[in-house]
Amino acid sequence: MKWQQRKRFITRRGLIYSLLLCLLILGLGGVGFWIVEPSALTLSDGLWLAFTTAATVGYGDIVPSTHASRMFSVLVVLLGLAVLSLVTASVAAMFVETEERQIERDLMQEIGALRLEVRSLHDELREFKARRETS
């Protein structure tokens, strides 16, 4: 039961969709680099270049050398930053929502206590009025 709640929570926040989008961009970026970059001899080289480009790490072991691969790397960087921002925002929203739920629980407890106190005061006032009318 707890796993289903977590799964629904993560899905509702879009984290899974953001991660899938990230994998899609890296996969397409890897295939694209494999096609347009002569130094990316294998698909794994293309994927590595897509990852280092999207993460803006740029280790330098494989570097875009043609104009087409450089233009493609700009696209991968922009998409990578956008998706990374989405993932970061989804994770941050999860933490904020957890805190908000705790604050909401605390407030609801406080409101419940205040309602009991108001009822008690109302009953005391009613008793006071009843005693006053009888005397």
Side-chain angles (χ1 to χ4, degrees):
M1 182 72 174
K2 208 156 179 109
W3 168 246
Q4 288 178 346
Q5 289 174 342
R6 285 183 187 154
K7 185 178 174 185
R8 183 176 50 227
F9 182 74
I10 290 171
T11 303
R12 190 175 69 217
R13 284 285 154 220
L15 182 60
I16 289 177
Y17 298 122
S18 298
L19 290 172
L20 288 174
L21 183 61
C22 183
L23 288 174
L24 178 70
I25 288 171
L26 288 176
L28 292 175
V31 170
F33 276 124
W34 184 37
I35 292 170
V36 298
E37 176 53 46
S39 62
L41 303 176
T42 63
L43 179 58
S44 65
D45 286 343
L47 290 170
W48 176 248
L49 184 55
F51 172 75
T52 58
T53 302
T56 66
V57 175
Y59 288 117
D61 50 350
I62 303 174
V63 179
S65 59
T66 65
H67 292 296
S69 62
R70 288 180 184 151
M71 288 174 42
F72 188 72
S73 68
V74 169
L75 178 67
V76 171
V77 166
L78 294 176
L79 289 174
L81 288 174
V83 171
L84 182 62
S85 298
L86 287 175
V87 171
T88 304
S90 296
V91 171
M94 286 172 40
F95 287 120
V96 168
E97 184 171 338
T98 302
E99 285 184 33
E100 284 179 351
R101 285 183 186 256
Q102 182 60 44
I103 291 169
E104 184 178 337
R105 273 188 237 116
D106 293 345
L107 286 173
M108 292 307 285
Q109 287 177 350
E110 188 69 27
I111 288 170
L114 287 172
R115 284 182 177 167
L116 287 174
E117 189 174 342
V118 167
R119 278 189 201 132
S120 174
L121 289 171
H122 190 266
D123 292 342
E124 286 180 33
L125 183 60
R126 190 177 304 144
E127 287 177 24
F128 178 74
K129 284 181 178 180
R131 276 189 269 148
R132 195 167 162 204
E133 289 175 1
T134 58
S135 49

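When reading the values below, keep in mind they use all heavy atoms of this one structure, side chains included, and skip hydrogens, waters and symmetry mates. Quick caveat: nothing in here was measured; it's all calculated off a predicted structure.
Counting non-hydrogen atoms of other residues, nucleotides and ligands closer than 6.0 Å to CZ of Arg105 gives a total above 12. Heavy atoms from other residues, nucleotides or ligands lying under 6.0 Å from CD of Gln102 number more than 12.
Rounded to the nearest 0.5 angstrom, Thr53 OG1 and Leu75 CG are separated by 11.0 Å. The CZ atom of Arg115 sits 7.5 Å away from atom CZ of Arg119, with the distance rounded to the nearest 0.5 Å. To the nearest 0.5 Å, atom CD of residue Glu104 and atom CG of residue Leu107 are 8.0 Å apart.
Contact check for Leu26 versus Leu47: no side-chain heavy atoms found under the 4.5 Å cut-off. Counting only heavy atoms from C-beta outward, the side chains of Leu125 and Leu121 never approach each other to under 4.5 Å.
Residues Ser69 and Ser65 come closest through the heavy atom pair OG-N, 3.3 Å. Minimum interatomic distance between Gly30 and Ala50 (heavy atoms only, all atoms of both residues): N-CB, 3.4 Å. Residues Ser39 and Asp45 share a closest heavy-atom pair of O-OD2, 4.2 Å. Nearest approach of Val76 to Gly29, heavy atoms of both residues: CG2-CA, 4.3 Å. Nearest heavy atom pair, residue Leu86 against residue Ser18, reads CB-OG, 3.8 Å. Pairing each heavy atom of Leu49 with each of Glu37, the nearest pair is CD2-CG, 4.0 Å.
Considering only residues two or more places apart in sequence or on other chains, Asp106 meets the salt bridge (charged side-chain N to carboxylate O under 4.0 Å, His left out) condition with none of them. Partners of Trp48 according to the side-chain contact (heavy atoms from CB on, under 4.5 Å) rule, which considers only residues two or more places apart in sequence or in another chain, are Phe51, Thr52, Tyr59, Asp61, Ile62. A search for salt bridge (charged side-chain N to carboxylate O under 4.0 Å, His left out) contacts involving Arg126 returns Asp123, not counting sequence neighbours.
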#### Entry: CA sep, side-chain torsions, deciding dist, call: Leu23, Leu19, side-chain contact (heavy atoms from CB on, under 4.5 Å)
CA-CA 6 Å; Leu23 288 174; Leu19 290 172; 5.7 Å; no

#### Entry: Worked verdict on Ile35 versus Phe72 for side-chain contact (heavy atoms from CB on, under 4.5 Å)
CA-CA 11 Å; Ile35 292 170; Phe72 188 72; over 6 Å; no

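With hydrophobic clusters built from ILVMFWY side chains whose heavy atoms lie under 4.5 angstrom apart, Leu21 shares a cluster with Leu79.
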